[in-house]
Amino acid sequence: MKVKLLLAALIITGMSVQCTDKRDIIEENIENAKAQLDYLIKASEANDTLRIPSTFRNGEIDFVPTDDWVSGFFAGTLWYMYELTGEEYYAEQAQKHTEILHDIQFLKWHHDVGFMVYDSYGNGLRLKNIEGYDTVLVNTAKSLATRFRPNAGIIQSWNVDRGWQSERGWKCPVIIDNMMNLELFFKVSEMTGDPVYKEIAMSHADKTLANHYRDDFSTYHVVDYDDETGEIRRKCTAQGIADESRWARGQAWSIYGFTVAYRFTGEERYLQRAKDVANYLLVEEDNMPEDLVPYWDYDVKEFGKEMGEDYLAKYGEIRDVSSAAIVASALYELHWMTKDDFYKQKADKMIESLSTPAYRAKVGENGGFILMHSVGSIPHGGNIDVPLNYADYYFLEALIRKGRIEKGENPVR
Ligand code: GLY
């Protein structure tokens, strides 16, 4: 009897230790994030001007203009801090940082408005139902819809009349990242009852499903369409090491994007694609390092050889933390949809890795950003091995999702 009691006590103690551990990684990350972000919030205000922190380079915080594709992530990070802590202070800060993006709803010259407005206004609407935020979402969807090219059935990502994009000979480039803008369309159709946005989103998702993937379910970064005939002109890369390589963040957007497409449509083909991509990337041993924080391009070692020893010495070991954070967040939702523990185990492993000193900054360092070691674009020579505001955004999102799943709740609200 005594032995049985002792065993029961041990099991209960063991369980409570396990539960405490699970809670602790979330709690501990919240404490850490509060300390870091409280600094960054203050640093973002100068002489009554609110600025948008994007990264920390050469000892200085970099701030971006509102039309930069990353402009919504800091506001979104603050909304997630409100969600994680319940502290009104973060909601107030988030609201301020959201409303400086007011004019983005009318921006039509690139596709990233889905990211920018959904992360900021979208989260604000969901968490606080602030008056007028619904109109901003609808206006943004209208702006984004102007980029739909019906003959090709896709939303054009970049314009080709300006910047480095004008030097590639493209006509109508679509990048895998564009899957991330569909959440806005799905949501606006749900809110307004107007099916047109969902129809555009599904057309884009179906074309991406058909045209962006290789047979092994890795994705190209860029597919250039002829917007008049719908023909595919070229499949290539902009931010990966080579046209045939697997740029890490592209693979991450691909899992996340198709998971969201399934959430809003219930179409099995989207779920199947998210699973196929996740299975392929996570199961093959040579795809991911042991800690599941990918190299900035899965194929940097192979294609890097052609670039020479100097290139490999400089870029061959660089990880992209933002990709791990995006994938972890998507995998929690995929786990919820499939009830397959494999996805949660992998997501947990990613969160554990990102919570170690190898990737998470010490309080007071890293310019106030939470995570270190992300990559913007090596081919463009920008933001290499630095913190990035979207890595922090998806990391906090993943923590929220993990917490809900462990309480038996749907991770996404
Ligand atoms: N959407 C741009 C990037 O992932 O770098």
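Order of appearance sets the numbers: ligands from 1, and atoms from 1 within every ligand.
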> Please list all pairs passing the side-chain hydrogen bond (donor to acceptor under 3.5 Å, both in side chains) test where one or both residues lie in residues 70-79, with sequence neighbours left out.
Trp79-Thr98

> What pairs meet the ring pair (Phe, Tyr, Trp, His ring centres under 6.0 Å) rule with one or both residues in residues 230-255, with sequence neighbours excluded?
Phe115-Trp253, His221-Trp247, Trp253-Tyr394

> Pick from Pro387, Pro53, Ser44: which one makes a side-chain contact (heavy atoms from CB on, under 4.5 Å) with Ile61?
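So the option named by the test is Pro53.
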
> With hydrogens left out, which residues have an atom under 4.0 Å from ligand 1, given that only heavy atoms count?
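Residues within 4.0 Å of ligand 1: Trp69, Asp177, Gln239, Trp247, Arg249, Trp253.
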
> Closer than 4.0 angstrom, basic N to acidic O: yes or no for Lys171 and Glu231?
no

> Just to verify, what does Arg147 make a side chain to side chain donor-acceptor pair (under 3.5 Å) with, not counting sequence neighbours?
Asn159

> For the residue pair Phe74 and His97, categorise the inter-ring angle as parallel (less than 30°), tilted (30 to 60°) or perpendicular (more than 60°).
perpendicular

